[in-house]
Amino acid sequence: MKKKVRKILEDSLKFLGFEAIPSIEIEVPPDESLGDMSTPVAMAVSKTFKKSPKEIAKEILNSIKDKSVFEKIDIAGPGFINFTFSKEYLYSELKKLLEVKKDFLRKDIGRGKRIQIEFVSANPTGPLHLGHGRGAATGEALSNLLCAANYKVEREYYINDAGKQVKLLGLSVFARYQQLLNVDYPFPEEGYKGGYVDEIAIELINKYRDRYVKSDFNSVSDFFIEYSYKKMLSQIQKDLEDFGIHFDTWQSERELYKEGSVDLAIKDLHAKGYIYEKEGAFWFKSTNFGDDKDRVIIKKDGEYTYFTSDIAYHRKKIEKNYDELINIWGADHHGYIQRVKAVMRAFDYPKDRLIILLVQMVNLLRGGKPVQMSKRAGEFVTLREVMDEVGVDTTKFIFLTRRPDSHLDFDLEIVKSQTAENPVFYVQYANARINSIFKHANGKGINTESLYNADLNLLESPEEIRIIKKILFYPVIFEEAVDTLEPHRITFYLHELSALFHSFYNKYRVINTEPSLNRSRLALCEAIRIILKDGLEILGISAPEKM
RNA sequence: GCGCCUGUAGCUCAGCUGGAUAGAGCAACUGCCUUCUAAGCAGUGGGUCAGGGGUUCGAAUCCCUUCAGGCGCGCCA
């Protein structure tokens with residue numbers, strides 16, 4: 001739709017000799033009476049060509065050869081050119097949609113490019129919380145979106161199963177284990193205090209009784225660490241599965257060490273001359289690549305830092321040779337961006353091929369009062385609890401009606417009280433209603449097949465025309481969402497389309513009209529349904545047939 | 001102190017790659033179910049786009065600055 005207008009404008013501008021025009025903006029006018037598409041291009045070039053915008057607009061208008069697509073083209077305001085599509089054009093496009101269905105919606109933006117999206121990647125030291133849920137919902141929707149745009153998407157979860165944190169988890173479980181068996185064992189200072197730690201300890205007691213009682217932690221640490229983090233990881237996997245999130249690959253940090261990737265990465269950086277020794281530690285010269293300070297990769301005690309394995313991890317990503325990489329991180333990690341980007345540049349990776357998206361924090365409230373979210377203190381509401389309390393679709397929808405960088409207030413009381421009238425149901429309900437109409441039609445013996453053959457010219461009311469225009473606009477929104485990597489644009493669009501449908505539904509009957517009109521309106525409903533289902537699928541939200 | 005993000009209706013948020021009269025949901029108020037699902041529809045009220053400067057034909061949108069909030073600035077992960 002937009003492309004059509006753009007093409008026409010380009011031809012016209014070329015014809016007029018306005019070759020040097022950078023980009024033609026095309027937008028939607030503020031009021032539908034003005035038209036369907038609009039361009040301020042005449043205003044933009046008026047200065048360079050020393051003519052009034054209106055004059056230029058007039059010239060452009062006169063030079064447009066193929067006007068059949070439009071009902072009218074007006075010059076309005078300070079020099080906008082407004083286009084209103086002809087009904088014939090709208091009907092023919094709608095017919096195409098009904099014929100080819102999804103293929104009409106799909107734009108081959110990715111051209112089969114391979115892209116890896118890494119998201120969630122929460123440490124397996126505790127259950128997922130709501131912030132992870134936001135990252136999960138966003139990552140999943142983005143993956144689906146890019147997939148639909150013909151990118152070959154691989155979804156990856158990075159497991160921090162090495163290092164201090166999982167060790168601390170193991171120790172926390174060990175301490176609880178001892179305490180539950182009445183051994184006076186000190187709980188680690190910074191240990192994990194959540195109830196899940198007790199659960200694991202109890203599980204161990206049930207399985208192994210007092211086999212490890214009074215053991216020296218160092219001699220059994222491997223067992224406790226391994227058992228504990230694996231337990232947490234499988235719980236995380238279960239939570240994600242129930243939240244409807246799918247991953248293709250799970251990259252373990254331990255594996256990176258085991259397979260030698262970490263040593264290799266260090267060696268590689270060393271060979272490039274980006275490693276130096278200072279004060280007994282080894283540093284990566286990240287300031288060479290825009291970071292504010294150099295970073296330690298081998299500590300004085302010979303241990304690697306968290307960053308070291310991340311260097312190896314990203315090096316491995318490079319080796320896998322994706323066309324693009326996306327990392328979705330919680331905003332609390334933003335200070336980490338420069339150093340990871342520095343790594344990529346040190347490995348000569350093109351600057352823009354790694355995109356790091358930040359998802360802002362979720363501020364969890366209950367009745368306006370903040371709920372503490374400290375994993376170590378063990379006070380937090382888990383994603384699981386929220387899922388169970390307010391539902392998966394509702395939770396996702398809340399995340400997906402916000403820009404990723406908006407700071408989100410998630411008030412459990414408000415969300416729950418709105419559950420019955422939650423916006424997600426508004427969209428799902430539109431789909432369910434359409435299904436109901438079809439069911440009704442089938443019951444009456446009305447042919448609901450091959451609706452592209454219906455007489456679409458009968459769709460003449462302002463409401464119907466408005467819906468057709470909205471439907472045909474979907475690919476435009478889709479493309480914008482892909483370009484900006486912002487799935488929430490789809491969410492808002494679906495809400496708007498649903499509103500138009502509900503309004504139409506209330507005013508007109510689809511069936512029990514004249515036989516030919518039955519089919520026309522069913523065709524319209526079918527088109528709406530195709531889009532609602534497609535959009536919801538991208539968002540990872542279910543589309544129930546009845547509600 | 002430095003860096004990143006945010007500030008839009010009573011509340012939660014869209015709109016931010018500059019365009020015409022700033023939108024939605026919730027909340028409030030008034031109407032609409034004997035016909036395809038009322039989880040719906042029609043309508044009313046509601047704004048210093050945090051404040052101040054600047055850029056230009058045009059600024060919620062870009063730049064500077066002040067204020068407010070969140071987050072981050074480890075040989076932690």
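Chain identifiers are assigned alphabetically (A, B, ...) following the order of the sequence lines, protein sequences preceding nucleic acid strands; residue numbering begins at 1 within each chain. Computed from a prediction, not measured in an experiment: that's the story for all the values here.
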Could you tell me if the side chain of [Y] sits less than 4.5 Å from the side chain of [X], heavy atoms only?
X        : Y        : value
A:Tyr158 : A:Trp250 : no
A:Phe501 : A:Ile434 : yes
A:Phe80  : A:Ile75  : no
A:Val482 : A:Phe478 : yes
A:Leu357 : A:Asn327 : no

Considering only the [atom1] atoms, how many Å lie between [N] and [M], rounded to the nearest integer?
N     : M     : atom1 : answer
B:U17 : B:U61 : P     : 11 Å
B:G43 : B:C26 : P     : 15 Å
B:U12 : B:U6  : C1'   : 15 Å
B:A24 : B:G40 : P     : 16 Å
B:A50 : B:A68 : P     : 16 Å
B:U8  : B:A22 : C1'   : 8 Å
B:G23 : B:C32 : C1'   : 25 Å
B:A27 : B:A9  : C1'   : 11 Å

Could you check which of [options] has an atom nearest any side-chain atom of [X]?
X        : options             : value
A:Asp405 : B:U6, B:A38, B:U35  : B:U6
A:Ser503 : B:A42, B:A39, B:A77 : B:A42
A:Lys299 : B:A38, B:C76, B:G19 : B:C76
A:Lys164 : B:A77, B:C36, B:G15 : B:A77
A:His440 : B:G19, B:A14, B:C36 : B:C36
A:Asn123 : B:C11, B:G40, B:A77 : B:A77

Considering only nitrogen or oxygen atoms on both sides, find all protein atoms under 3.5 Å from nucleotides 1-3 of chain B and state each distance.
residue: B:G3; atom: N2; partner: A:His334; partner atom: NE2; Å: 2.4

Conformer about C1'-N of B:C33 - syn within 90° of 0, anti elsewhere: syn
Base of B:A77 paired with side chain of A:Thr305 (donor-acceptor, under 3.5 Å):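 No, no donor-acceptor pair under 3.5 Å.
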Side-chain-base donor-acceptor pair under 3.5 Å for A:Asp332 and B:A77: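 Donor-acceptor pair under 3.5 Å: no.
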Those residues that, when tested against A:His270, pass ring-ring contact (aromatic ring centres under 6.0 Å, His included) (two or more places apart):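 Result, ring-ring contact (aromatic ring centres under 6.0 Å, His included) vs A:His270: none returned.
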Watson-Crick or G-U wobble mate for [N], both contacts under 3.5 Å:
N     : answer
B:C4  : B:G70
B:G40 : B:C32
B:U61 : none
B:U56 : none
B:G45 : none
B:G25 : B:C11

A:Phe80 aromatic ring stacked with six-membered ring of B:A20, 5.5 Å and 30°: yes
Neighbour count >12 (heavy atoms, 6.0 Å) for atom CD, A:Glu277: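 Result for CD/A:Glu277: enclosed.
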Over 12 non-hydrogen atoms of neighbours within 6.0 angstrom of NZ in A:Lys258: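 Open: at most 12 neighbouring heavy atoms sit under 6.0 Å from NZ of A:Lys258.
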Just to confirm, is there a sub-4.0 Å distance from OP1 or OP2 of [N] to any side-chain nitrogen or oxygen of [X]?
X        : N     : answer
A:Thr401 : B:A14 : no
A:His488 : B:G15 : yes
A:Tyr493 : B:G15 : no
A:Tyr306 : B:A77 : no
A:Lys278 : B:C75 : no
A:Arg433 : B:A38 : yes
A:Lys293 : B:G74 : yes
A:Arg403 : B:A14 : yes

Touch class at under 4.0 angstrom, heavy-atom based, for A:Glu545 against every strand present: base
Touch class at under 4.0 angstrom, heavy-atom based, for A:Pro40 against every strand present: base
Residue whose closest nucleotide on RNA chain B lies nearer the 5' end, A:His495 versus A:Val510: A:His495
Exercise: do A:Thr448 and A:Asn442 side chains pair donor with acceptor under 3.5 Å: yes
Ring centers of A:Tyr274, A:Phe289 separated by less than 6.0 Å: yes
